[in-house]
Amino acid sequence: MQIEREKISNKIGERIRSYRILRGMSQEVLAYASEINPTYLGRLERGEKCPTVDTLYRISLGLKLPLSELLDLSNVPQPTQTEALHRMQTAIEGLSEVQAVAIAEIVEKAAALAKNNI
């Protein structure tokens, strides 16, 4: 029984993390939106803690996601292109112009490689 609980905790933690990243949210932002401690959220995402239904509900509200979607362990959330672009934009915020251009060049090279391999 303990093994099953650990598997479920890990899967729920992975889903929380996946949806958080898809939405371009930091752990701190999601924790604040969910009214839980950021350290606790980190432990949930790593599967170290098993959340209560109340905690899962608050996290689903913070993610602006139905609780049923968060608990649906049969599907894996997939990022959309818009979400991917938002993540890249969020990642370069606060960088200097030189740093942002360097990252853009890396992304362009990676995209070219991906196009050639697909």
Side-chain angles (χ1 to χ4, degrees):
M1 176 135 173
Q2 184 65 23
I3 294 172
E4 283 299 314
R5 182 179 177 144
E6 289 173 9
K7 284 182 183 178
I8 292 170
S9 294
N10 285 331
K11 286 185 181 241
I12 293 292
E14 289 171 11
R15 290 188 64 76
I16 293 168
R17 183 176 187 276
S18 294
Y19 278 114
R20 177 180 60 76
I21 290 171
L22 284 175
R23 283 160 172 67
M25 300 172 83
S26 68
Q27 282 185 341
E28 291 78 18
V29 168
L30 177 56
Y32 177 77
S34 305
E35 299 179 353
I36 62 174
N37 186 293
T39 302
Y40 181 63
L41 178 60
R43 294 187 77 190
L44 290 175
E45 287 188 1
R46 290 187 299 276
E48 296 171 4
K49 289 288 188 179
C50 188
T52 64
V53 174
D54 180 59
T55 299
L56 288 170
Y57 178 71
R58 287 189 282 153
I59 291 171
S60 72
L61 291 177
L63 290 168
K64 295 180 175 48
L65 179 75
L67 179 58
S68 60
E69 181 73 19
L70 185 62
L71 294 174
D72 183 1
L73 302 180
S74 65
N75 72 25
V76 177
Q78 298 295 318
T80 65
Q81 187 173 13
T82 301
E83 290 166 331
L85 291 171
H86 175 72
R87 287 176 54 199
M88 287 187 274
Q89 183 178 14
T90 301
I92 65 168
E93 286 177 3
L95 297 179
S96 70
E97 187 174 329
V98 172
Q99 291 170 320
V101 169
I103 297 216
E105 290 171 359
I106 292 168
V107 170
E108 289 167 347
K109 288 177 184 176
L113 287 171
K115 287 176 185 175
N116 290 332
N117 288 330
I118 293 177

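This is a predicted model, so every value here is computed, not measured.
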Ignoring hydrogens and angles, tell me if any N or O in the side chain of Q99 forms a donor-acceptor pair with the backbone of S96 under 3.5 Å.
-> yes
Side chains of [X] and [Y], heavy atoms from C-beta outward: is any pair under 4.5 Å?
X	Y	value
S34	L41	no
V29	Y32	no
L30	I36	no

More than 12 heavy atoms of other residues, nucleotides or ligands under 6.0 Å from [atom1] of [X]: yes or no?
X	atom1	answer
E35	CD	no
E97	CD	no
R17	CZ	no

Supply the atom-to-atom distance [X] [atom1] to [Y] [atom2], rounded to the nearest 0.5 angstrom.
X	Y	atom1	atom2	answer
I21	I16	CD1	CD1	12.0 Å
D72	L65	CG	CG	10.0 Å
L56	R15	CG	CZ	11.5 Å
L44	Q27	CG	CD	9.5 Å
M25	L63	CE	CG	6.0 Å

Would I8 and L71 show up in the same hydrophobic cluster when neighbours are defined by side-chain heavy atoms closer than 4.5 Å?
-> yes
Indicate, with yes or no, if M88 and I103 share a hydrophobic cluster defined by side-chain heavy-atom contacts under 4.5 Å among Ile, Leu, Val, Met, Phe, Trp and Tyr.
-> yes
What pair of heavy atoms forms the shortest contact from [X] to [Y], and how long is it?
X	Y	answer
N37	T39	OD1-N, 2.7 Å
C50	S9	CB-OG, 3.4 Å
L70	I12	O-CD1, 4.3 Å

Atom pairs and distances, donor-acceptor, side-chain atoms in residues 104-113, under 3.5 Å, two or more places apart:
none

Can you tell me if Y19 and R23 form a side-chain donor-acceptor pair at under 3.5 Å?
-> no
